[in-house]
Amino acid sequence: MRLPWIIGTIAAFSLCGGAGVAAPTDAAPAPPSRASVLTAEQVIQILDETVDWYRTLGTQQQNATQPSDLLILFANRQMADQVVSLAIELARANAELLSSEASAGESASDASSPQSLSQQQSQLDAQRASIEAEIAGLKESRSTGKSKQDVSAKLTELQGELAMLAARRNLLDTMTAFTDQNSPKQASVNALKAHIDAIAATLPTLSVASGSTAASSAVQTSAVPTAAPSGNEMKAAATRSGIWDLGVTAVNLHRKIKSIEVVDQRTDLLAKTFLGVSDLPLKLLKKYSARGDTLAAEADQANGATLVALRAEFDTLAWLFKQTSAILLPLSKEQVLLAQYRHNLDSWREATQRQYYEGLRTLGIRLGILAGILTAVFVLAEVWRRAVVRYAHEARRRYQLLLIRKIVMWAAVIAIVGLSFATEISTFATFAGLLTAGVAVAMQSVLVSMVGYFFLIGKYGIRVGDRIQIGTVVGEVIDIGLVRMHLMELHSDGPLGPTGRVVAFANLIVFQASGGLFKQIPGVNLTWHETTVALPGVSDYSVLKARLLTTISGVIDEYRDEFVRQANAIKKSTASISVNDTLPQVQMRLVGGRMEALIRYPVNLKHAAEIDERVSEAVLKALAAESK
């Protein structure tokens, strides 16, 4: 390509007018041929690892749930900011070394090289300073009385030279920028610097000025001691928290410990990375120090020309030592900060482990107490069951006691488990009250039926096998449930046999005024039947009444003993004095101008149809005989 030749020609042409002006003696020393400590890829890798590690502060902030955690988080955040600032500082220092290396790679004799262009810019700056000094001297001489015409002409000529120098300097600046863009090494260095600036811009917590080195002083940040919670605080928390909260707290503390360990491992890896790259800068500084001592010994015996060369090499060594120190010092500070960072993490982990073990111990105690209480409840329930089986011989009473035992046992278990898992008793009471109110409204009929069950199985309650009447339905009880009961329907007329239908009634029937539940006294089948008979016209109704009583008594006498026994059982179970003798009764009354007889007689439910039939036949025979 002819581009370097064109640039070199333009650069040589731009200096053709300034050959007579001597270059200044304090020009910048030539950069070394190899000055960098890290490559651009290594610098970018270190920065990426540092920034990735810095973002672990987000994980720490999520885990900082206590005041002591916040203190450690604050200290770690300050140290993390310093670590990232120092990483950017050493990256920029290494980028300067890479830039000098790229400039040194070009031959100074090449007019198109960046080094040659830089020297040319320095020469033009020196010429400009010389001309400006001469212009200032002429202005002073004009004021002292010299020829104003000569001075004005000279000033005009110098100002023209100054304008020409400015134009040539602009040209060199343009060529320098163009050369930097087309130089592969310089473009790589510029890309590295842009990458460093971009990384610094993504971290708003760092006060890094654009295009300048981060001025982060080595602030001594001591490790913050962790204030572990006392035993009283843990006990108070245990009394306020239920088993569920204790378990959740233990799981969260375990996750917290694992997160802290992961952060500590990443911090250790970053510290090893910085330690691995700090060997080469230290070796280079030792090398530069040894070379400086050698040059100092040579300068004692050197002449004028040699001293000038030694001065240039001294300047180069000083610049190299300064840039390498700018890399080594941040690396050393990084080691100290990361060690303190890990110490804070260790303190945090130890405090969290103490909390974790204390939480596990408290959880174990609570679970042990819960298991002991439940064991006691089940033991008492078993004792209750055996006592019922042993002492309650009646099947109905045994069933009732076992049912009550089951309800009490599971209600106690649910209450104990609920109170154990509840966070606070007041919260549980509020929740239980709201839940009970909601259940009471939604299941009102069911709850009333369950309460009615206990009324049905009371002293004068019903049991399986009883014949009862609910409204117009007569039936035999075949099942009594907690919510409803079932009846085998019986015929109300004729022989009391089943109709083949099963009728279900909710237990809440006992609370309904219109329900009307009728039943026999337990163990008693005695009832009274009534019938009305129209009497024929006779002269003496007392004789007819006596005959009817005799006839009916003849039928009833066959069941007399059973009737007397059941009547005595009624008096004994009810303590009622209104139970009369079980003799049949006949009452005469005048209805519509005719005499009627109201006949009332006892019957046994098992033989009610048979007794009714026999009584009816006996009454008809008596009336027929009286008519004859």
Side-chain angles (χ1 to χ4, degrees), residues 46-88 90 203 205-206 216-235 237-238 246-279 328-364:
I46 290 175
L47 287 178
D48 291 341
E49 291 180 2
T50 304
V51 173
D52 190 36
W53 166 83
Y54 180 81
R55 292 195 172 95
T56 58
L57 287 173
T59 304
Q60 299 179 44
Q61 185 172 2
Q62 293 177 357
N63 293 322
T65 56
Q66 298 180 1
S68 57
D69 299 342
L70 295 176
L71 292 176
I72 293 181
L73 177 63
F74 178 75
N76 286 351
R77 186 180 296 278
Q78 287 185 332
M79 285 187 286
D81 292 343
Q82 296 179 34
V83 168
V84 178
S85 298
L86 292 172
I88 292 177
L90 68 90
L203 301 173
T205 58
L206 301 178
S216 59
S217 60
V219 180
Q220 297 295 332
T221 306
S222 59
V224 179
T226 302
S230 62
N232 295 331
E233 293 178 354
M234 292 299 298
K235 291 179 181 179
L246 290 175
V248 172
T249 302
V251 172
N252 292 336
L253 288 174
H254 185 266
R255 292 178 180 174
K256 183 177 179 180
I257 293 172
K258 293 300 181 182
S259 299
I260 295 173
E261 290 177 351
V262 170
V263 175
D264 183 68
Q265 292 174 2
R266 297 184 65 175
T267 306
D268 183 48
L269 291 176
L270 184 63
K272 291 180 179 178
T273 300
F274 286 126
L275 181 62
V277 300
S278 62
D279 294 335
L328 182 61
L329 288 177
L331 289 174
S332 301
K333 296 175 185 177
E334 299 274 13
Q335 297 297 321
V336 176
L337 291 173
L338 291 178
Q340 294 177 353
Y341 197 92
R342 294 193 64 192
H343 177 72
N344 285 352
L345 291 177
D346 290 339
S347 301
W348 194 1
R349 180 172 59 249
E350 291 175 359
T352 306
Q353 287 177 347
R354 287 194 295 270
Q355 297 177 17
Y356 175 65
Y357 294 141
E358 183 67 21
L360 287 181
R361 187 179 69 84
T362 305
L363 179 61

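Below, each value reflects all heavy atoms present in this structure, side chains not excepted, and no hydrogens, waters or symmetry copies. None of these values were measured; they are calculated from a predicted model.
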Would you give the length of the straight line joining atom [atom1] of [X] to atom [atom2] of [Y], rounded to the nearest 0.5 angstrom?
X: Thr352; Y: Tyr357; atom1: OG1; atom2: OH; value: 11.0 Å
X: Tyr54; Y: Leu47; atom1: OH; atom2: CG; value: 14.5 Å
X: Leu275; Y: Leu270; atom1: CG; atom2: CG; value: 11.5 Å
X: Gln66; Y: Gln355; atom1: CD; atom2: CD; value: 4.0 Å

Task: For Asp346, all residues meeting side-chain hydrogen bond (donor to acceptor under 3.5 Å, both in side chains), sequence neighbours excluded - done: Arg349
TODO: Output all residues satisfying side-chain hydrogen bond (donor to acceptor under 3.5 Å, both in side chains) with Thr273, sequence neighbours left out; order by chain, then residue number.
DONE: Glu49
TODO: Just grab all the ring pair (Phe, Tyr, Trp, His ring centres under 6.0 Å) pairs involving residues 59-87, residues at least two apart or on different chains.
DONE: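 Residue pairs with at least one partner in residues 59-87: there are none.
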Tell me the closest heavy-atom pair linking [X] and [Y], and the distance in Å.
X: Phe274; Y: Ala87; value: CZ-CB, 4.4 Å
X: Val83; Y: Thr50; value: CG1-CG2, 4.2 Å
X: Ala250; Y: Tyr356; value: O-CE1, 3.3 Å
X: Ala64; Y: Asp69; value: CA-CB, 3.6 Å

Open item on the list: Applying side chain to side chain contact (heavy atoms under 4.5 Å, CB included), can you list everything that pairs with Val251, at least two apart in sequence or on another chain?
Closed with: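 In terms of side chain to side chain contact (heavy atoms under 4.5 Å, CB included), with neighbours along the sequence ignored, Val251 is linked to Arg255.
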Open item on the list: For Leu363, give me all partners under side chain to side chain contact (heavy atoms under 4.5 Å, CB included), at least two apart in sequence or on another chain.
Closed with: Ile243, Leu246, Leu367
Compare all side-chain heavy atoms of [X] with those of [Y] and state whether any distance is below 4.5 angstrom.
X: Leu86; Y: Leu337; value: yes
X: Gln60; Y: Arg77; value: no
X: Asn76; Y: Leu345; value: yes

Could you go through residues 260-267 and list every donor-acceptor pair under 3.5 Å that involves a side-chain atom there, pairing it with any protein atom two or more places apart or in another chain?
residue	atom	partner	partner atom	Å
Asp264	OD1	Arg342	NE	3.0
Asp264	OD2	Arg342	NH2	3.1
Arg266	NH2	Asp52	O	3.3
Arg266	NH2	Asp52	OD1	3.3
Arg266	NH2	Asp52	OD2	2.5
Thr267	OG1	Trp53	NE1	2.8
Thr267	OG1	Val263	O	2.8

Open item on the list: Checking the side chain of Gln353 only, and the main-chain atoms of Ile257 only, is there a donor and an acceptor separated by less than 3.5 Å?
Closed with: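 No: the side chain of Gln353 does not pair with the backbone of Ile257.
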